*Asks:* 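So that we are looking at the same thing, I have put the structure below in structure tokens.
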Amino acid sequence: TIVFIDEAESVMKTRGSGISTDVYDSIVPQFLAEMDGMNGNGDVITVLATNREDIIDPAILRDGRVDRRIKVPRPSRRGAEQIFRIYLQSKPLQNSVKSVDRAAEDTAGRIYDDGQVAYHVISSQRTLGSFGYQNFVSGAMIKGIVDRASGFAIGREIKGGKKGLGMDDLFRAVDEEFGESQGFAQALVRDDWDVVFGSKGRQLYDAHRQGYIHLERGEKSVEAQERK
């Protein structure tokens, strides 16, 4: 038997941290008792899935309760291309689009362009660095981009325009997906800070959580705009 708990952080926040309520003070101990009972049964595997391991109560994650930790990183550019291929292969493309492979490569390139800045990290009016689109991308987001682009193509065809999915649709979908999502900053986890800032990532992540530094929405660089 496999017990799968998604979004584990939603009900297992660290007790007494200020981010939990009295409800968690009762839920977490109850879950720990149930978890210990399940671990005593060799026929049960418990799987927790979370994007916020840092706010889960440490008692849940200690050795003996969690035997394996498997981190799934954000896709690399090559990984993003492969995911785009999966979702694009069933879509009717315009004749101007050379191939599914080329469409996947160019759309991923739009996301992984260093000129695409989602947020600047600001401390005392000084910019410490920035997060690009690539630091937020996920498989679900890629699917959302393709679905959004398909909507553009369908709407255009209904109005008598070109048939099929074009690169303009995909590029517009990328820009709108990131432009309309104002809550991306909440999706950043400590690993994302480590990717951008290296050894200083954890320190800056903690400083951001405590309010000492903040994130400011970024804009495309002039170079990126010219390539658009």
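Note that the structure is a prediction, hence the values are computed from the model and not measured.
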*Asks:* Would you say the side-chain atoms of Ser138 pair up with the backbone N or O of Met141, donor to acceptor, closer than 3.5 Å?
*Replies:* yes
*Asks:* Taking atom CG of Asn95 as the centre, report whether more than 12 heavy atoms of other residues, nucleotides or ligands fall under 6.0 Å from it.
*Replies:* no
*Asks:* Of Val100, Asp101, Ile111, which meets side chain to side chain contact (heavy atoms under 4.5 Å, CB included) against Phe84?
*Replies:* Ile111
*Asks:* Other members of the hydrophobic cluster containing Val195, with the 4.5 Å side-chain heavy-atom rule, please.
*Replies:* none
*Asks:* Determine, using the 4.5 Å side-chain heavy-atom cutoff (strictly less than), whether Val196 and Leu188 are members of one ILVMFWY cluster.
*Replies:* yes
*Asks:* Are there over 12 heavy-atom neighbours, none belonging to Asp194, within less than 6.0 Å of that residue's CG?
*Replies:* yes
*Asks:* Please test Asp106 against Arg102 for side chain to side chain contact (heavy atoms under 4.5 Å, CB included), starting from the C-alpha separation and ending with a verdict.
*Replies:* CA-CA 6 Å; Asp106 289 350; Arg102 184 59 184 272; 3.1 Å; yes
*Asks:* Considering the options Thr14, Thr50, Asn51, which one meets the side chain to side chain donor-acceptor pair (under 3.5 Å) requirement together with Glu9?
*Replies:* Thr50
*Asks:* Under a 4.0 Å N-O cut-off, is there an ion pair linking Arg148 with Glu177?
*Replies:* yes
*Asks:* Taking atom CZ as the centre, does Arg78 end up with more than 12 heavy-atom neighbours from other residues, nucleotides or ligands that are less than 6.0 angstrom away?
*Replies:* no
*Asks:* Would you please indicate yes or no on a ring centroid separation below 6.0 angstrom for Tyr119 and Phe131?
*Replies:* no
*Asks:* As a quick check of understanding, evaluate salt bridge (charged side-chain N to carboxylate O under 4.0 Å, His left out) for Asp169 and Arg156, giving each step before the final call.
*Replies:* CA-CA 10 Å; Asp169 298 318; Arg156 181 178 58 250; 2.7 Å; yes
